[in-house]
Colleague: 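Before we start, here is the structure in question, set down as structure tokens.
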There are 2 protein chains.
Amino acid sequence: MDRARRPTADGDRRRGEHDKRRPATGMDRASVASVTRLSSYYRILEEFERDSLATTSSTTLARRAGVTPAQVRKDLSFFGNFGRRGLGYNVSLLRAQIGKILGLGHRWSVALLGAGNLGHALFAYKEFEKQGFYIEHVFDADPSKVGKSWAGVRIRDIGELQSTHAHPIHIAILAVPVSAAQTVVARAITAGIRAILNFTPAQLDVPDGVIVRNVDLAIAMESLSFALVK
Amino acid sequence: MDRARRPTADGDRRRGEHDKRRPATGMDRASVASVTRLSSYYRILEEFERDSLATTSSTTLARRAGVTPAQVRKDLSFFGNFGRRGLGYNVSLLRAQIGKILGLGHRWSVALLGAGNLGHALFAYKEFEKQGFYIEHVFDADPSKVGKSWAGVRIRDIGELQSTHAHPIHIAILAVPVSAAQTVVARAITAGIRAILNFTPAQLDVPDGVIVRNVDLAIAMESLSFALVK
DNA sequence: AGATGTGAAAGTTTTCACAGCC
DNA sequence: GGCTGTGAAAACTTTCACATCT
């Protein structure tokens with residue numbers, strides 16, 4: 001099978017791999033780093049909106065996000081012209097536009113794979129629902145967990161992942177032991193899931209068209225110890 | 001106070017900010033991305049060692065890590081010449097050398113700030129101790145939690161963070177509510193902590209010389225929804 | 001032959017600097 | 001004067017390709 005070739009260790013992925021020769025839009029030109037920054041602008045704008053600020057500028061936004069004003073403008077320019085020269089940006093309009101870019105208008109159905117400690121913490125994590133990510137399915141392999149419920153969601157056997165679901169599952173959160181990671185991911189893909197947030201240290205092997213973002217906690221820690229020791 | 005200027009939203013940081021005009025060593029030339037990859041090579045080498053492989057090559061390592069062989073060699077070249085031309089790398093030697101680069105020889109003393117759901121999951125996360133990160137302190141502001149113990153570690157009031165400690169705390173894991181993030185971080189810094197793994201969505205304001213790595217779970221999720229919707 | 005280590009080339013991202021608009 | 005949007009320059013990262021060693 002033809003498999004994705006080159007995800008960076010921390011979950012980035014180069015672009016331009018399977019261009020269909022459409023004219024390049026902002027979608028294609030913006031890097032993962034740029035999209036990550038959009039998320040942080042979005043958070044800041046939510047806050048500005050709560051504080052009833054009507055307008056803002058790339059300078060203000062940049063200071064809060066810890067980047068340069070030029071970077072803010074460049075990031076936004078990949079997707080359109082959202083500001084007005086001389087005036088800046090309308091806070092709620094810009095927030096809405098970024099939200100649309102990030103796909104935050106949708107209600108995303110998420111499956112949690114692995115109901116251990118980490119799985120439970122992620123299940124309880126409030127920020128996900130705020131942004132439209134609903135963990136509506138929980139799967140685990142441990143018979144002592146299967147059948148129990150978390151906040152009304154029944155934990156089902158991981159084998160049931162591939163059974164037909166009334167509604168499609170958009171995203172899987174992978175929080176199983178590293179030894180089970182590849183097997184479980186293969187099942188998720190068979191079940192039609194095309195986006196995976198991977199909390200295991202495993203380097204997942206997925207077919208083209210499936211998106212993986214790695215959150216490796218130990219690696220993040222090691223980048224700190226590297227900085228401390230250097 | 002003079003403050004750190006430009007961490008990228010996902011925790012990267014440009015180099016070359018306060019060069020002391022020493023000749024550039026690998027430590028300075030290697031990017032955060034490169035160090036992240038070193039961590040993943042380290043994991044793979046541990047596995048090779050368990051499988052009793054004596055030697056390996058940049059090609060083998062690269063395939064497993066999902067990068068190119070040239071990248072493996074370049075990453076390593078920032079820190080030294082660990083291989084032998086024509087022969088490849090000695091698995092255990094290379095693992096040891098990378099471990100040293102990453103500061104994995106040490107026993108790092110870690111304080112967990114915030115004993116909520118996420119904090120508990122991180123406390124229980126096995127990979128940390130395997131790499132030398134020991135969560136020896138847990139702090140929380142909630143009086144109903146203070147005084148309880150997790151696996152022999154007593155949860156203390158966050159106010160005690162600044163009391164003198166017999167042994168220094170090297171790293172703080174920040175898992176408090178976002179509203180408390182900046183206050184708690186200021187205390188951690190007063191207590192002498194210079195490295196922070198930040199699980200809150202807050203953009204932390206820290207003095208120069210303090211290292212922050214952000215793990216923003218909602219942002220990781222948003223980068224998936226962006227890819228799904230585009 | 002087979003592999004590393006590394007300058008140089010290619011590619012990507014960030015910053016600069018300024019035209020254009022309010 | 002203030003601020004955006006953007007080509008061009010600078011900086012940085014990855015890949016190439018080959019000298020060098022076993």
Colleague: Considering just the side-chain nitrogens and oxygens of A:S57, establish if one lies under 4.0 Å of OP1 or OP2 belonging to D:dC3.
Modeller: no
Colleague: Under 30°, 30 to 60°, or over 60°: which ring-plane class applies to A:F133 and A:F128, parallel, tilted or perpendicular?
Modeller: perpendicular
Colleague: A:S58 near the nucleic acid: base, sugar-phosphate alone, or nothing, with a heavy-atom cut-off under 4.0 Å?
Modeller: sugar-phosphate
Colleague: Short of 4.0 Å, heavy atom to strand atom, which residues of residues 86-97 of chain A count as contacting DNA chain D?
Modeller: A:G86, A:G88, A:Y89
Colleague: Give the rounded distance in Å between these two atoms: CZ of A:F78 and C1' of D:dT4.
Modeller: 15 Å
Colleague: Look at B:Q71 and D:dT13 and indicate whether a side-chain polar atom (N or O) is within less than 4.0 Å of OP1 or OP2.
Modeller: no
Colleague: Nearest-Å distance, CZ (A:F82) to C1' (D:dT4)?
Modeller: 13 Å
Colleague: Does the A:S225 side chain pair with the main chain of B:L102, one donor and one acceptor, at a distance under 3.5 Å?
Modeller: yes
Colleague: Please report the interatomic distance CD1(B:I211) to CD1(B:I193), rounded to the nearest 0.5 Å.
Modeller: 12.0 Å
Colleague: Taking only N and O in the side chain of A:R37, is any of them less than 4.0 Å away from OP1 or OP2 of C:dT14?
Modeller: yes
Colleague: Nearest 0.5 Å, please: how far is CG in A:D216 from CG in A:N214?
Modeller: 7.5 Å
Colleague: Going by atom types alone, do B:Y125 and A:N117 pair a side-chain donor with an acceptor below 3.5 Å?
Modeller: no
Colleague: Output the rounded distance in Å from CZ (A:F79) to P (D:dG5).
Modeller: 14 Å
Colleague: Could you state the interatomic distance from CZ (A:R187) to CG (A:L161), rounded to the nearest 0.5 Å?
Modeller: 7.5 Å
Colleague: If the threshold is 4.0 Å, N to carboxylate O, is there a salt bridge linking B:E222 and A:R43?
Modeller: yes
Colleague: Does B:S92 offer a backbone N or O that forms a donor-acceptor pair with the side chain of B:N90 under 3.5 Å?
Modeller: yes
Colleague: Under 3.5 Å, which protein N or O atoms sit close to an N or O of nucleotides 6-11 of chain C? Give each pair with its distance.
Modeller:
{"from": "C:dG7", "atom 1": "N7", "to": "B:K74", "atom 2": "NZ", "distance (Å)": "3.3"}

